[in-house]
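See structure below.
Computation of the quantities below employed the complete heavy-atom set of this structure, encompassing side-chain atoms and omitting hydrogens, waters and symmetry-equivalent molecules. Note that this is a predicted model, so its numbers are computed, not measured. All ligand and atom numbering here is 1-based and tracks the order in the structure.
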Amino acid sequence: MMLVAKETSWQRQLSDLITDPAELLSILNLSPGDYPVPDDILATFPLKVPRAFVSRMRPGDPLDPLLRQVLPIMEEGDDTPGFTIDPLSEADFNPQAGILHKYQGRILVLAAPHCAIHCRYCFRRHFPYDENIPGRAHWEESLKWLADRPDIREVIYSGGDPLAANDRHLAWLTKRISEIPHIRRLRIHTRTPVVIPARVNESLLTWLNDCQLQKVMVVHINHAQEIDAEVAQALQKLRNANVTLLNQSVLLKGINDNVDALEALSESLSAAGVLPYYLHMLDRVQGVAHFNVSDDRAFALMDKLKARLPGFLVPSLVREEPGETSKTRLI
Ligand SMILES: *Cc1c(COP(=O)(O)O)cnc(C)c1O
Ligand code: SF4
């Protein structure tokens with residue numbers, strides 16, 4: 001019974017997201033009239049944020065680093081040269097519906113078309129998800145394709161956010177993937193345990209525990225304030241299920257582009273048993289230029305961060321270059 005109750009809980013949270021900027025602003029004691037939101041942008045990439053994430057925002061602070069990640073602002077309408085619709089040319093790497101093959105030995109499986117949150121800086125904000133929602137028959141085809149590719153050792157669940165999918169589907173897919181002899185590792189790139197920690201429930205932990213592949217989860221936390229007690233507890237449960245936890249962040253102007261914020265993030269991750277993995281330079285997608293941090297500034301920040309932290313708490317500064325078969329490490 002317990003299991004059923006928890007199951008409804010994250011799904012209920014997912015169906016009760018805040019999508020109205022006025023509601024979000026009012027909850028935070030901010031006056032909606034002061035923060036105009038462009039209608040056309042709301043129509044193409046709506047506001048979407050779980051209440052559990054909003055509960056970690058500071059009321060009355062329009063510059064709150066969590067609020068800034070989700071609130072659409074007028075600057076998203078700016079057309080900045082060099083910021084395009086598909087900056088990573090992902091449309092070129094789509095061999096099967098639901099699969100992206102852009103890294104050697106690794107395959108990205110688009111396990112769910114949507115996310116529990118809309119991050120305003122997202123590089124997939126213009127991705128044609130609708131053409132990438134395969135049904136069972138399609139998955140069978142993709143599994144066959146995978147079985148014929150002995151060079152692929154790692155399957156990466158991506159999306160959207162793979163943990164926005166239900167556990168019945170994920171348990172089925174994971175079992176089928178585990179049966180392919182050349183697959184050694186399962187990696188899950190997800191933000192859901194951070195934005196809705198109740199997602200880490202018994203049914204998720206059951207299929208993770210049942211999976212005999214090496215398991216790695218890359219969570220996606222940009223600011224220390226995102227980790228509250230409930231998130232820390234969810235992360236602990238994942239570690240107990242033998243999941244190695246790594247974090248990737250995006251370097252975002254006005255959110256984490258100062259050395260104190262980056263240091264606090266690494267320390268909080270470490271306390272939660274998560275190792276900082278990547279710090280991404282922003283992908284140059286249309287509508288996100290206001291988050292951009294210059295290379296020089298990023299390098300200077302990394303120098304200061306290295307002076308303050310042990311090496312294992314310093315993430316690699318990376319950039320995704322179109323057409324490259326791996327990320328480019330800048331530092
Ligand atoms: C970079 C990246 C990968 C693969 O890169 P690694 O260098 O193998 O970690 C997979 N998924 C996502 C979402 C990424 O950003
Ligand atoms: S969770 Fe990831 S994929 Fe989803 S909107 Fe945020 S950055 Fe984009």
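Close approach of ligand 2 to I117 (heavy-atom distance below 4.0 Å) involves ligand atoms 5 (S). For ligand 1 and I156, the ligand atoms under 4.0 Å from any heavy atom of the residue are 10 (C). Less than 4.0 angstrom separates some heavy atom of Y277 from each of these atoms of ligand 1: 6 (P), 7 (O), 9 (O). Per-residue contacts place L108 under 4.0 angstrom from the following atoms of ligand 1 (heavy atoms of the residue considered): 10 (C), 11 (N). Ligand-side atoms of ligand 2 in range of H220: 7 (S), range being under 4.0 angstrom from any heavy atom. Of all the atoms in ligand 1, the ones that sit under 4.0 Å from a non-hydrogen atom of Y278 are 6 (P), 7 (O), 9 (O).
Checking S316 against R329 by side-chain atom types alone, a donor-acceptor pair falls below 3.5 Å.
Look at E154 and you'll find every heavy atom at least 4.0 Å from all atoms of ligand 1.
Using cut-offs of 30° and 60° on the angle between ring planes, the pair H118 and F45 is parallel.
Checking side-chain atoms of N222 against main-chain N and O of S249 turns up no donor-acceptor pair under 3.5 Å. Judged by distance alone, with hydrogens and angles left aside, the side-chain atoms of R319 form no donor-acceptor pair with the main-chain N or O of M281 at under 3.5 Å.
Between C115, P162, S158, C119, it is C115 that holds the heavy atom closest to atom 4 (Fe) of ligand 2. With atom 8 (O) of ligand 1 as the reference point, the heavy atom nearest to it among Q248, K102, R106 is part of R106. Nearest-heavy-atom check against atom 14 (C) of ligand 1 across K327, H220, H280 picks out K327.
Protein heavy atom closest to atom 13 (C) of ligand 1, with residue, atom name and distance, is H189 ND1, 3.6 Å. Atom 3 (C) of ligand 1 has Y103 CE1, 3.6 Å as its closest protein atom, hydrogens excluded (heavy atom only).
The ring pair (Phe, Tyr, Trp, His ring centres under 6.0 Å) pairs that include a residue from residues 246-285 are Y278-H280, where partners are two or more places apart or lie in different chains.
With sequence neighbours left out, K215 forms a side-chain contact (heavy atoms from CB on, under 4.5 Å) with L208, C211, N242, V243.
A salt bridge between E154 and R185 is present, with a side-chain N of the basic residue lying under 4.0 Å from a carboxylate O of the acidic one.
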Legend entry - Stepwise side-chain contact (heavy atoms from CB on, under 4.5 Å) check, V194 with R56: CA-CA 11 Å; V194 179; R56 292 168 233 155; 4.1 Å; yes

